[in-house]
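First the structure, in the form of structure tokens, and then the observations on it.
Just so it is clear, the structure is predicted and the values come from calculations on it, not from any experiment.
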Amino acid sequence: MKQQNIRERWSSRTGFILVAAGAAAGLGNIWKFPYIVGENGGGAFVLVYLACILVVGLPIFMAELALGRLGARNVVDSFASIAAESGHSSRWTMIGWIGLLAVLIILSFYGVVGGWAFAYLATALQSLGSISEETTAPVEFAKAFNELAGDPVRSVVWQTAFMALTAAIVGSGVRAGIERLSRFLVPALFLLLGVMVICAAVTTGKFEAGFDFLFAPDFAQLDAEALLVALGHAFFTLGVGVGAMLTFGSYLPNGIGLVRASIFVVGLDTAMALLAGMAIFPIVFASGLEADAGPGLVFITMPIAFSGLPGGDILAVVFFAVLSFAALTSSPSLLEPIVAFVREKARVNRRSAAILAAALVWGLGLVQALSFSIWSDVAVFGKNLFELSTFTAISLLLPTGGILVALFAGWLVPARRMKDASGTQNLRLYWLWRICLRYVAPAGVAIVMLGGLFV
Ligand code: PFF
């Protein structure tokens, strides 16, 4: 009980929405969403993704927040206490451990990609007004990316800078660190992305082509693997299935209803992904480039595209600022579950816990960073170490954590407690939520996972 009283809280509903939207809208929206849409054929994939968000992502997102409110502790102890109170086995604590493992792995590669974003922002700032013919040749940009990722020292230096900043934000506190940053950066992110969409619409002449690619469905391109990618990404972008939202839910002040706040956050996140697509595809198509360039899309294709556009040097700064801000509002949500755990278990102060947790993640991140240089030859199941980590976390741990959260919240926690925690009075909505948690989400995730892994 005492622990609950001293628990930090978000300052208000708006504060919470900005923090959660900041956590959700990240590299996943700007870096990953466009390239997986590109690789999986466009509109049909987007439709499946939106369905996953609505019937699986949103219900689990709300469930995690409600569980966080009920548990009011770190992710492991929250599951332990809710399971005990509802008369169930302490084995359910396992969901908390899966979550901690997942955030550890995700942040380890997130730090590397965030570091690349910082490096590109620095380069874009230096190149303002000086994009020359020579440096705009496509091979130069591809080389620039390979030189950065393939240089062990440079990539580790940028990864270290990114992780140090993340630790500093989280170490400053829930309200003074994470919330303060999100209040400023999330609106900035939307504004800058809006500017990019307008520039893409005005300067490229390819807005319609980009729009069509994003929204015109071609179901021929969809296969079982694409469904798994869409589902995994729905979890990744909302930050569910790993205990991040549960931890954020534990800092919710009383009296904030979860239904509307969740719909708001999920809506903002989806808007951000679609806006990123609307900014990126017209720019890519205008330069005669392809949308299926994979993870290199924003680091290789986009710089090439910028070089061919009027005002491309300024657009490049805006774009890499967007990418860096997006990464920086999400990484705290990945570190916080570990920090809350370390703090509450080891009884150390927040600052020390943040340093300890960040150091651990940074260490694992070295493996990811070096998988493009020193360890580029190491392959497990045909994947390099970076790919292996993203696959393990996003395609395996996230959906598994998601299913377990849905089952736990839908079947084990008494209905009345979930309803009270959600703060909703609307019975119809409540039952819809419950049906999604009990049946739709677990069945959907199980089918898609089995299909994607074995078909
Ligand atoms: N949602 C973030 C993104 O789209 O980049 C990544 C993320 C944040 C994943 C928090 C998981 C998480 F717990």
- [ ] Check whether any side-chain heavy atom of Leu398 sits under 4.5 Å from a side-chain heavy atom of Ile106, and report yes or no.
- [x] yes

Open item on the list: Other residues, nucleotides and ligands only: do more than 12 of their heavy atoms fall within 6.0 Å of CZ on Phe215?
Closed with: yes

Open item on the list: Within the structure provided, determine whether Phe372 and Ser155 are in side-chain contact (heavy-atom separation under 4.5 Å).
Closed with: no

- [ ] Considering non-hydrogen atoms only, spot the tightest contact between Met245 and Ala23 and give its length.
- [x] CE-CB, 3.9 Å

- [ ] Would you mind reporting whether Ile17 and Leu268 have side-chain heavy atoms less than 4.5 Å apart?
- [x] yes

Task: Close side-chain approach of Phe235 and Val445, heavy atoms under 4.5 Å - done: yes

TODO: Test side chain to side chain contact (heavy atoms under 4.5 Å, CB included) on Ile53 and Thr237 and set out the steps.
DONE: CA-CA 9 Å; Ile53 290 274; Thr237 192; 3.9 Å; yes

Task: Validation row: Ser373, Leu370 side chains within 4.5 angstrom (heavy atoms) - done: yes

- [ ] Measure the shortest side-chain to side-chain distance between Leu275 and Met278 over non-hydrogen atoms and say whether it is less than 4.5 angstrom.
- [x] yes

TODO: Look at atom CH2 of Trp10 and say whether more than 12 heavy atoms of other residues, nucleotides or ligands are closer to it than 6.0 Å.
DONE: yes

Open item on the list: Please find the pair of heavy atoms, one from Ala168 and one from Ser172, that lie closest to each other, and give the distance.
Closed with: O-OG, 2.7 Å

Task: Whether Phe320 and Tyr120 hold their rings parallel, tilted or perpendicular, with breakpoints at 30° and 60° - done: tilted

Open item on the list: Whether the side chain of Arg183 engages the backbone of Glu179 through a donor-acceptor N/O pair (distance < 3.5 Å, no angle test) should be reported.
Closed with: no

TODO: Answer yes or no: is there a donor N or O on one side and an acceptor on the other, between the side chain of Arg438 and the main chain of Gly410, under 3.5 Å?
DONE: yes

- [ ] Identify the heavy atoms of Leu181 and Leu328 that sit nearest to each other, and give their distance.
- [x] CD2-O, 3.5 Å

Open item on the list: For Val259 and Asn426: C-alpha separation, side-chain torsions, deciding distance, then whether side chain to side chain contact (heavy atoms under 4.5 Å, CB included) applies.
Closed with: CA-CA 10 Å; Val259 181; Asn426 185 332; over 6 Å; no

Open item on the list: Donor-acceptor check, side chain of Asn40 to backbone of Val37, threshold 3.5 angstrom: yes or no?
Closed with: no

- [ ] Could you check if a side-chain atom of Met302 sits within less than 4.5 angstrom of a side-chain atom of Val284, using non-hydrogen atoms only?
- [x] yes

Identify all side-chain donor-acceptor contacts of residues 191-210 below 3.5 Å with residues at least two apart in sequence or on another chain.
from: Thr203; atom 1: OG1; to: Cys199; atom 2: O; distance (Å): 2.6
from: Thr204; atom 1: OG1; to: Ala200; atom 2: O; distance (Å): 2.4
from: Thr204; atom 1: OG1; to: Lys206; atom 2: N; distance (Å): 3.1

Task: ring pair (Phe, Tyr, Trp, His ring centres under 6.0 Å), paired with Trp116, selected from Trp158, Trp31, Tyr110, Phe145 - done: Phe145

TODO: Return the minimal non-hydrogen interatomic distance between Val240 and Gly57, and the atom names on each side.
DONE: CG1-O, 4.5 Å

Open item on the list: Quick one, Leu58 with Ser262, criterion side chain to side chain contact (heavy atoms under 4.5 Å, CB included). Give me CA distance, side-chain angles, the key distance, then yes/no.
Closed with: CA-CA 7 Å; Leu58 178 61; Ser262 303; 4.0 Å; yes

Task: Qualifying residue, where the test is side chain to side chain contact (heavy atoms under 4.5 Å, CB included) with Lys32 and the options are Val113, Ile394, Leu297 - done: Ile394

Task: Heavy-atom closest pair, residues Ala369 and Gln159 - done: CB-OE1, 4.3 Å

TODO: Please round to the nearest 0.5 Å and tell me the distance separating atom CG of Leu104 and atom CG of Leu334.
DONE: 10.0 Å

Open item on the list: One pair to check against side chain to side chain contact (heavy atoms under 4.5 Å, CB included): Val19 and Ser182. What are the steps and the verdict?
Closed with: CA-CA 5 Å; Val19 166; Ser182 299; 4.1 Å; yes

Task: Evaluation steps, side-chain hydrogen bond (donor to acceptor under 3.5 Å, both in side chains), between Ser376 and Asn384 - done: CA-CA 7 Å; Ser376 60; Asn384 72 20; over 6 Å; no

- [ ] Can you label the angle between the Phe33 ring and the Tyr49 ring as parallel, tilted or perpendicular, going by 30° and 60°?
- [x] tilted

Open item on the list: Please find the pair of heavy atoms, one from Ile374 and one from Pro152, that lie closest to each other, and give the distance.
Closed with: CD1-CB, 4.1 Å

Task: Arg9 side chain to Tyr251 backbone, donor-acceptor under 3.5 Å - done: no

Task: Minimum side-chain heavy-atom gap Ile256-Arg69 below 4.5 Å - done: yes

Task: Tyr430 atom OH, over 12 foreign heavy atoms within 6.0 Å - done: yes

- [ ] Look at atom CZ of Arg180 and say whether more than 12 heavy atoms of other residues, nucleotides or ligands are closer to it than 6.0 Å.
- [x] no

- [ ] Report yes or no: does Glu336 contribute a side-chain atom to a donor-acceptor pair with the main-chain N or O of Ser333 at less than 3.5 Å?
- [x] no

Open item on the list: Taking Asp269's backbone N and O only, do any of them form a donor-acceptor pair with Asn29's side chain (distance below 3.5 Å, no angle check)?
Closed with: yes

Open item on the list: If we ignore hydrogens and angles and just use 3.5 Å, is the side chain of Ser287 paired with the main-chain N or O of Ile283 as donor and acceptor?
Closed with: yes

TODO: Please round to the nearest 0.5 Å and tell me the distance separating atom CG of Leu437 and atom CE of Met62.
DONE: 8.0 Å

Task: is_close_aromatic(Phe391, Phe381), centroid dist under 6.0 Å - done: no

TODO: For the pair Ser330 (side chain) and Ala327 (backbone), establish whether a donor and an acceptor sit closer than 3.5 Å, ignoring hydrogens and angles.
DONE: no

Task: Ring-ring centroid check Trp97 Phe341, cutoff 6.0 Å - done: yes

